[in-house]
Amino acid sequence: MPRYHPSSIEPKWQEWWDAHGTFTTPRLPAGRKTYILDMFPYPSGDGLHVGHPEGYTATDIVARFERMRGTTVMHPMGFDAFGLPAEEHAIRTGTPPRESTERNIATFTRQLKMLGFSYDWGRVLATTDPEYVRWTQWIFLVLFDTWFDHATQKGRPIAELPIPAEVTAKGAGAIASYRDDHRLAYQSEAPVNWCPALGTVLANEEVIGGVSERGGHPVIRLPLRQWMLRITAYAERLETELAGLDWPASIKKLQCDWIGRSTGAEVDFFIPPASGADEAFAAWMSRRSESGYPSKPGADVLRIYTTRPDTLYGVTAMVIAPEHPLLDALTTTEQRPSIEAYREAASRKSDLDRTDLAREKTGVFTGSSVVHPLTGRPVPVWVADYVLASYGTGAIMAVPAHDERDYEFARSFGLDVVTVIEPMEGQASGNGLFAGEGRAIDSGPYTGLSTRDFIAKVGADLEATGLGRPATNYKLRDWLFSRQRFWGEPFPILHELDEAGHPTGSIRALEPHELPVSLPVLTDFKPGDTPDPPLSRSPADWLFVDRDGKRYRRETNTMPQWAGSCWYYLRFLDPHNTERFLDPAIEKAWMPVDLYIGGAEHAVLHLLYSRFWHKVLYDRGHVSHPEPFGKLVNQGMILGEMEFTGYRSPAGGWVSAEKHGDGDVASKVPHDQVEKHGEHFVLRDAPTTRVESRAYKMSKSRGNVVNPDQVVREFGADSLRLYEMFMGPLEATKPWSTSGVSGVRGFLDRCWRLVVDERADEIALAHQVSDTQPSDDDLRELHRTIDKVTRDIEGLSFNTAIARMMEFVNYCTPLDRRPRAILEPFVTILAPFAPHLAEELWQVLGKPAPVSIATWPAVDERWLKDDSVEIPVQVQGKLRGRVVVPADADADAMKAAAVADPKIAELLAGKTIVKVVAVPGRLVNFVIKG
RNA sequence: GCCGGAGUGGCGGAAUGGCAGACGCGGCGGACUCAAAAUCCGUUGCCCGCAAGGGCGUGUGGGUUCAAGUCCCACCUCCGGCACCA
């Protein structure tokens with residue numbers, strides 16, 4: 001009768017833990033601490049996906065394991081609840097986003113609790129909670145109040161920003177705008193993708209080929225006032241401080257590439273006047289050698305950035321971006337119409353079009369030339385959209401002979417290709433293009449220098465003559481931080497209005513005590529005819545504010561979804577604090593996060609943004625450690641069940657998979673109609689017809705989504721947890737298999753029967769359970785299991801830990817007597833993996849609950865050693881026999897035992913032994929001759 | 001194109017340079033049962049062989065080593081990410 005029924009024991013123990021506060025974390029750790037964090041989910045309307053419990057189970061096992069080892073564990077959960085889906089749902093249905101979000105959070109909470117995770121639910125938060133929004137806005141105020149001091153590489157209060165005398169001279173307004181220009185949070189006109197037909201701004205990835213992804217409506221790029229965060233100021237620290245983190249090398253590299261540091265030189269090319277060019281150039285040169293290189297280029301120079309200043313003598317054109325500020329000035333009258341047309345066309349293209357589709361390079365000659373600073377020769381200036389306005393100086397020197405892109409451009413427009421670098425010996429130089437490093441030729445005084453020496457020398461020379469300087473650039477851009485959306489955090493910023501109600505351009509931040517700025521009540525979430533954010537249609541009593549006799553309008557953009565997830569790990573530590581965002585003593589005690597597990601899709605953005613905010617908070621003294629996440633692990637994706645796909649021709653007959661064409665129709669083939677034939681899978685009834693076998697990403701459209709609720713109903717939460725851990729290595733991508741779940745369920749059933757008498761009417765101990773002393777074999781088996789499971793949890797190798805526990809159960813099942821002395825420790829180590837079952841078995845064994853915080857059993861090293869071992873004997877590297885020797889036998893003893901083996905003796909008879917390799921405890925190998 | 005990651009039985013996977021295939025699924029056989037399910041026991045890489053035994057095996061081709069799934073070189077396939085950053 002009392003079979004294993006997860007559906008009754010799981011809710012029972014969840015309620016017990018809840019009622020007893022088993023996993024409540026104290027304010028401050030007592031002794032050793034560990035902070036184990038999951039990437040919190042976006043509560044989508046679809047509910048939990050089987051991908052979520054993968055990482056969550058892994059962290060839960062570690063959290064429970066650490067608790068049992070006496071560590072104080074911080075293991076919280078919350079919700080990243082702002083976001084687009086809720087807003088689009090609101091537009092479609094009129095349901096306020098807060099309502100649908102709260103409903104979704106309730107579903108997620110139910111599902112997470114159903115899986116028995118040991119979160120301290122007293123700390124749960126959602127980024128949409130007004131009290132959370134309050135502190136997100138407060139951190140924005142910190143960013144707004146901070147400037148970056150490049151000399152010390154540190155963020156400092158804006159009040160400490162040195163104001164140049166000439167700015168001070170212009171009065172308070174100039175000082176204020178000088179400050180605004182240096183804040184980490186600043187406003188800027190940035191182009192956005194505006195789709196008039198849809199009445200909304202689109203993200204870059206929502207625009208395909210110049211039209212909207214949905215509906216195919218035209219999209220234009222429109223400059224719009226945006227909030228930006230000066231993450232570029234921290235580029236260097238974000239890169240160098242990666243080194244100390246225990247993160248996967250691949251993630252570090254991804255971040256490093258994203259930051260994209262490069263070194264080279266900036267060089268100014270003189271823009272000559274219409275007449276007297278030579279004299280003007282000479283005068284400019286001499287001015288520059290006295291004044292040095294100015295930090296901002298004047299209107300008389302075109303400033304470029306290059307990573308290869310050693311190719312300066314190979315420049316045959318200058319190319320500037322269509323948005324370059326000097327484009328107008330450089331355009332001659334006769335070229336103006338075509339330049340205008342080009343610029344117009346470029347402005348309509350999204351970034352994606354400009355990069356992805358424009359394989360063939362386009363461009364237009366401006367009609368003007370600039371003067372080469374080293375040769376004094378004129379260089380024609382072109383405009384082309386392969387040069388990006390947002391990188392470097394928005395202008396380049398084109399060296400067709402030594403840069404692939406410039407080479408393509410030169411070929412399209414017939415520009416000269418001048419070779420100035422020769423490959424070092426042994427390197428091949430192909431078709432006039434050589435982008436590698438080498439030795440300079442035809443380069444004036446630099447001829448003969450290697451690339452490295454050339455760059456060093458020319459950098460120094462340019463600096464000495466004021467024509468250029470060595471420079472560093474980053475691919476990383478400042479973070480576009482505003483969205484024209486409703487469902488996000490409002491900015492704590494007011495725009496001053498004049499008498500007529502127009503913005504004066506002056507802004508002021510709210511005081512911390514005025515926070516939070518809550519979202520107004522809107523009934524209409526639909527986008528309008530202009531890119532104005534929905535909040536611009538807020539009721540006047542929200543929108544307009546009077547302060548100190550002045551009238552202000554609130555900022556109506558909202559923050560992006562990333563904002564809330566940038567600091568949630570900090571708020572978890574002190575979630576109910578109404579005085580501060582986080583008590584410093586608490587922060588100091590718990591930070592940094594010791595283990596952070598989540599999907600690799602956040603490898604760059606979330607993790608980079610969080611690190612950036614954290615560093616600002618660190619610089620401003622609000623946190624004590626420069627990095628938030630010490631150790632990071634990415635769980636792999638869980639794919640749908642393996643599928644076989646066959647192809648049918650339009651006529652209906654099967655087509656072998658490797659020959660199928662566009663007209664053929666793919667169809668799913670049941671597993672039992674397929675068999676393996678050599679390298680490939682084929683149809684059982686038509687063995688020459690190959691079928692594809694593959695697991696696909698779970699998606700609604702493919703219909704291969706596995707629902708956790710259903711798995712729990714059918715197999716139980718412990719089975720789901722255990723299966724997800726048993727599938728394979730945590731980091732690997734792996735396909736779902738329902739029979740795999742039932743296999744793991746079978747293991748839990750066997751654990752149950754190990755302890756419980758399944759045939760009794762009431763819950764009772766199995767009659768084999770005994771109080772007798774365990775045998776040596778029993779203890780060996782137990783301690784080896786404890787040892788392996790302990791080490792595997794430490795190494796996050798849950799699949800092999802589970803395999804070892806299965807071996808233990810396989811060992812115990814046939815025993816006539818199962819000593820409690822080995823069953824009880826086993827139940828203890830099972831607890832982190834299958835906590836509900838373990839609690840139940842613990843109770844059946846008559847132990848006081850909860851096993852969840854029982855002491856982790858110690859390994860007795862004595863039982864890890866064998867008295868004797870069976871070792872393989874090889875001849876010529878091939879396995880020829882096995883001998884049993886004492887575990888501590890030395891090489892000679894092993895060799896003697898091997899030679900004594902009749903089979904080995906036979907093989908060695910008449911041969912000369914050239915060498916014997918004997919590794920104690922491992923093997924013996926005879927190398928023979930003759 | 002560039003950068004990662006991975007290729008091991010029918011399937012998921014295991015293996016500090018030292019017995020390849022632990023553990024699980026699936027298959028096969030047996031016990032229990034009137035029967036079935038459930039459970040328990042055994043077996044299961046491929047080929048030759050009645051057997052004893054032998055041969056072949058970790059994507060392909062080379063190499064290092066007494067010994068390679070593991071290290072080195074070249075290549076193939078799949079998956080993921082990035083994509084004109086001068």
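Numbered from 1 within each chain, the chains take letters A, B, ... in sequence-line order.
The side chain of A/Phe726 lies closest to B/C23, out of B/C19, B/A83, B/C23. When distances run from any side-chain atom of A/Thr800 to the nucleotides B/A15, B/A86, B/C3, the shortest one goes to B/A15. Comparing B/A86, B/C66, B/G18 against the side chain of A/Val927 picks out B/C66 as the nearest. Picking from B/A14, B/C23, B/C11 the nucleotide with the shortest atom distance to the side chain of A/Asn799 gives B/A14. Distance from the side chain of A/Lys734 is smallest to B/G13 among B/G18, B/G13, B/A86. Listed candidates were B/C66, B/A86, B/G12. Nearest to the side chain of A/Val917 is B/C66. For A/Lys915, taking side-chain heavy atoms from C-beta onward, the closest of the listed nucleotides B/G13, B/C23, B/C66 is B/C66. Here the side chain of A/Leu254 is nearest to one of B/G18, B/A86, B/G81, namely B/G81. Checked against B/C84, B/G4, B/G13, the side chain of A/Ser250 finds its nearest nucleotide in B/G4. The listed nucleotides are B/C11, B/C84, B/G18; the one nearest the side chain of A/Val919 is B/G18.
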| request: Take nucleotides 33-48 of chain B nucleotide by nucleotide from the 5' end and write B, S or -, depending on whether a protein heavy atom sits under 4.0 Å from the base, only from the sugar-phosphate, or from neither. | output: ------SSS-------
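For the OP1/OP2 pair of B/C11 and a distance below 4.0 Å, the side-chain nitrogens and oxygens of A/Ser739 include no atom meeting the criterion. Between B/A86 and A/Tyr391, a contact under 4.0 Å exists linking OP1 or OP2 to a side-chain N or O. Considering only side-chain N and O atoms, A/Lys878 lies under 4.0 angstrom from the phosphate OP1 or OP2 of B/C56. Close to B/C11, at under 4.0 Å from its OP1 or OP2, lies a side-chain N or O of A/Lys676. Of the side-chain N and O atoms in A/Arg694, one or more sit less than 4.0 angstrom from OP1 or OP2 of B/C79.
Taking only distance into account, the side chain of A/Lys253 never meets the base of B/C3 through a donor-acceptor pair shorter than 3.5 Å.
Place A/Thr307 and A/Pro872 on RNA chain B by their nearest nucleotides, and A/Pro872 ends up nearer the 5' end. Heavy-atom nearest nucleotides on RNA chain B were determined for A/Asp406 and for A/Pro735, and the one closer to the 5' end corresponds to A/Pro735.
Within the model, atoms CD of A/Gln255 and CH2 of A/Trp247 stand 4.5 Å from one another, a figure rounded to the nearest 0.5 Å. To the nearest 0.5 Å, the span separating OG1 on A/Thr790 from CD1 on A/Ile829 amounts to 7.0 Å. A distance of 7.5 Å separates CD in A/Gln768 from CG in A/Asp816, rounded to the nearest 0.5 Å.
At the heavy-atom level, A/Lys475 lies under 4.0 Å from base atoms of the strands shown. When heavy atoms are screened at a 4.0 angstrom cut-off, A/Gly743 is found touching the sugar-phosphate backbone but no base atom. Using a 4.0 Å heavy-atom criterion, one finds that A/Thr306 contacts the sugar-phosphate atoms exclusively. Within the 4.0 angstrom heavy-atom criterion, no nucleotide atom of any strand lies near A/Ser390. Within 4.0 Å of A/Arg880, counting heavy atoms only, lie sugar-phosphate atoms of the nucleic acid but no base atom. Using a 4.0 Å heavy-atom criterion, one finds that A/Glu675 contacts no nucleic acid atom at all. Within 4.0 Å of A/Glu870, counting heavy atoms only, lies at least one base atom of the nucleic acid.
A/Arg702 forms a cation-pi arrangement with A/Tyr696, by the criterion of a distance under 6.0 Å to the ring centre and an angle within 45° of the ring axis.
Spacing of C1' atoms, B/A67 relative to B/A31, comes out at 45 Å, to the nearest Å. Comparing B/G45 with B/G27, their C1' atoms sit 14 Å apart, to the nearest whole Å. When the C1' atom is compared between B/C48 and B/C41, the two are found 30 Å apart, to the nearest whole Å. A gap of 11 Å separates the P atoms of B/C71 and B/G18, to the nearest Å. A distance of about 13 Å separates the P atoms of B/C11 and B/G59, rounded to the whole Å. For the C1' atom pair drawn from B/C78 and B/C23, the interatomic distance equals 26 Å after rounding to whole Å.
When only modelled atom types and interatomic distance are considered, A/Asp478 and A/Thr232 share a side-chain donor-acceptor pair under 3.5 Å. In summary, the side chains of A/Tyr811 and A/Thr785 do not present any donor paired with an acceptor at a separation below 3.5 Å, with no hydrogens or angles considered.
Within 6.0 Å of CD on A/Glu906 lie no more than 12 heavy atoms contributed by other residues, nucleotides or ligands. For NZ of A/Lys734, the number of neighbouring non-hydrogen atoms (other residues, nucleotides, ligands) closer than 6.0 Å is greater than 12. Environment of CD in A/Gln876: crowded, with over 12 heavy atoms of neighbouring residues, nucleotides or ligands closer than 6.0 Å.
Between A/Trp736 and A/Tyr723, the two ring planes are perpendicular [angle over 60°; tilted spans 30° to 60°].
Across the strands present, B/C66 finds its partner in B/G18; the criterion is a Watson-Crick or G-U wobble pair with both atom distances under 3.5 angstrom. Base-pair partner of B/U77: B/A6 (Watson-Crick or G-U wobble, both distances under 3.5 Å). Pairing for B/C32 is absent, judged as Watson-Crick or G-U wobble with the two contacts each under 3.5 Å. With a 3.5 Å ceiling on both atom-pair distances, the Watson-Crick or G-U wobble partner of B/G24 is B/C11.
The interatomic distance linking A/Arg477 (CZ) with B/C84 (C1') rounds to 12 Å, in whole Å.
Syn is the conformation of B/G9, whose glycosidic angle sits no further than 90° from 0.
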